[in-house]
Amino acid sequence: MESGKINMKKINNDNLVILVSVEFKTINNKYNQNTSLAELYNLVESAGYQVVGELSQSRSTPDPSLFIGAGKVEELKQLAKNFKVCTVIFDHDLSPIQQKNLEEKLELTVIDRTELILKIFSQRAHTKEGKLQVELARLNYLLPRLIGKGKQMSRLGGGIGTRGPGEKQLEVDRRTIKNRIADLNKEIEAIKKHRTIQRNRRKKILVPVISLVGYTNAGKSTLLNTLTGSEVYVKNQLFATLDPVSRKTKLPSGQEVIFTDTVGFIQNLPTQLIAAFRAT
């Protein structure tokens with residue numbers, strides 16, 4: 001068993017988690033286990049969890065049904081039992097069937113990297129457009145994972161519609177989510193058009209727009225406050241702010257410019273979020 005960094009502070013067991021990472025030797029990718037795990041630790045902390053253990057493995061390819069090997073699943077189950085953990089977080093994206101099978105084998109909640117980031121974004125979104133974008137990403141993630149048990153629906157906060165004659169609950173859930181996704185796409189498209197109008201207005205008055213871009217928690221919001229004298233929310237955590245903020249100021253030369261704070265970068269940002277945040 002490869003585990004480490006055990007921390008047994010007294011805390012609510014619901015917040016205790018074990019991290020799982022796998023390095024695939026024969027897959028040509030840029031995954032660096034140590035770097036990615038360090039980032040995952042920060043994500044987990046930002047989501048309000050506490051890590052009490054790790055399980056790592058090297059494989060040639062992912063197991064189609066469990067992602068990790070059956071032996072490692074048993075090892076993970078015992079580790080979770082030892083530390084009285086309710087949740088396991090994978091530093092990878094799991095397929096719907098892998099996630100379902102792991103939860104059944106482990107009898108625990110299994111969260112993959114994408115779901116973890118979605119949880120953080122859900123906690124951080126405050127404006128109406130931010131909430132719409134995050135909800136769209138969460139529903140697109142949830143749709144292929146519906147298994148008719150209601151567990152995934154409750155985990156991600158989805159709603160359930162009214163069942164018609166002879167209609168199975170799974171079919172109702174899928175229909176409800178698809179309808180909501182269609183509504184969200186319409187609302188976000190309206191936001192996109194509004195943003196386009198705003199950009200065109202700025203172009204007409206010839207005010208340059210300078211975007212502050214970089215890794216999450218690198219200090220973009222702090223820099224915006226320093227440059228413009230603003231008081232944008234700042235905190236030492238990943239994705240402390242999700243909503244783009246623009247502030248006008250004058251350069252020493254007298255030239256007026258607009259500085260825009262942006263959503264930070266992170267390794268393997270979920271494609272659902274990239275698509276949802278196109279409007280802003």
Side-chain angles (χ1 to χ4, degrees), residues 5 7 9 11-12 15 17 19 34-51 89 91 111 113-138 156-157 188 191-192 194-195 198-199 201-202 207-280:
K5 298 185 180 179
N7 188 341
K9 291 180 181 178
I11 192 170
N12 186 338
N15 294 330
V17 299
L19 306 186
N34 292 332
T35 301
S36 190
L37 263 178
E39 183 178 83
L40 185 65
Y41 261 89
N42 289 328
L43 288 169
V44 167
E45 185 178 290
S46 293
Y49 294 109
Q50 181 180 333
V51 179
I89 299 179
D91 190 27
I111 296 174
R113 185 182 177 87
T114 290
E115 185 175 345
L116 177 64
I117 296 176
L118 288 172
K119 283 178 178 289
I120 295 171
F121 270 53
S122 180
Q123 295 168 2
R124 304 287 190 271
H126 298 297
T127 65
K128 179 183 177 182
E129 60 191 89
K131 291 178 180 178
L132 290 175
Q133 290 164 324
V134 173
E135 184 183 356
L136 176 61
R138 285 162 69 88
L156 291 179
I188 290 175
I191 291 173
K192 186 177 179 181
H194 179 68
R195 291 277 181 178
Q198 288 180 320
R199 280 195 296 269
R201 285 175 180 171
R202 286 197 292 265
V207 177
V209 179
I210 302 172
S211 295
L212 304 178
V213 299
Y215 195 81
T216 178
N217 202 33
K220 296 185 298 300
S221 297
T222 299
L223 180 58
L224 178 72
N225 288 340
T226 302
L227 292 171
T228 65
S230 303
E231 296 183 355
V232 172
Y233 178 75
V234 172
K235 190 170 182 179
N236 183 23
Q237 63 180 195
L238 302 190
F239 301 116
T241 55
L242 285 182
D243 305 305
V245 176
S246 297
R247 295 289 186 268
K248 183 185 289 187
T249 191
K250 281 188 178 181
L251 299 177
S253 64
Q255 168 72 56
E256 283 193 332
V257 297
I258 295 174
F259 284 100
T260 298
D261 194 6
T262 62
V263 178
F265 301 146
I266 197 169
Q267 292 187 76
N268 302 319
L269 186 66
T271 55
Q272 295 95 331
L273 283 170
I274 295 173
F277 275 75
R278 281 182 306 167
T280 52

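Computed from a predicted model, the values in this text were never measured in an experiment. Count residues from 1 along the sequence.
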Quick one: pull up CG in N42 and CG in L37 and give me the separation to the nearest 0.5 Å. 11.0 Å
Nearest heavy-atom pair of R247 and S230: which atoms, and what distance? CG-OG, 3.2 Å
Using only atom types and a distance under 3.5 Å, with no angle test, would you say the side chain of N15 pairs donor to acceptor with the backbone of Q50? no
Rounded to the nearest 0.5 Å, what's the gap from CD1 on I266 to CG on N217? Could you check? 10.0 Å
Rounded to the nearest 0.5 Å, what's the gap from CG on N225 to CG on L223? Could you check? 9.0 Å
Would you kindly say whether S246 and T260 are connected by a side-chain donor-acceptor distance under 3.5 Å? yes
Using modelled atom types only, decide if a donor and an acceptor are shared between the side chain of S122 and the backbone of L118 within a distance under 3.5 Å. no
Set of residues satisfying side chain to side chain donor-acceptor pair (under 3.5 Å) with respect to H194, sequence neighbours excluded: Q198
Between T262 and L212, is there a donor-acceptor pair closer than 3.5 Å when you use the side chain of the first and the backbone of the second? yes
For F239, give me all partners under ring-ring contact (aromatic ring centres under 6.0 Å, His included), at least two apart in sequence or on another chain. F121
In Å and rounded to the nearest 0.5 Å, what is the CG to OG1 distance from D261 to T228? 9.5 Å
Looking at Q255, I want to see if its CD is surrounded by more than 12 non-hydrogen atoms of other residues, nucleotides or ligands under 6.0 Å. yes
Any heavy-atom pair between the side chains of F259 and V257 that's under 4.5 Å? yes
If you count heavy atoms of other groups shown closer than 6.0 angstrom to CD of E45, is the number above 12? no
Is the shortest side-chain heavy-atom distance between L116 and L40 below 4.5 Å? yes
Rounded to the nearest 0.5 Å, the CG atom of L19 sits from the CZ atom of R113 at a distance of 11.0 Å
Using 0.5 Å steps for rounding, measure from the NZ atom of K131 to the NE2 atom of H126. 8.0 Å
Under 3.5 Å donor-acceptor, K220 side chain and Y215 backbone: yes
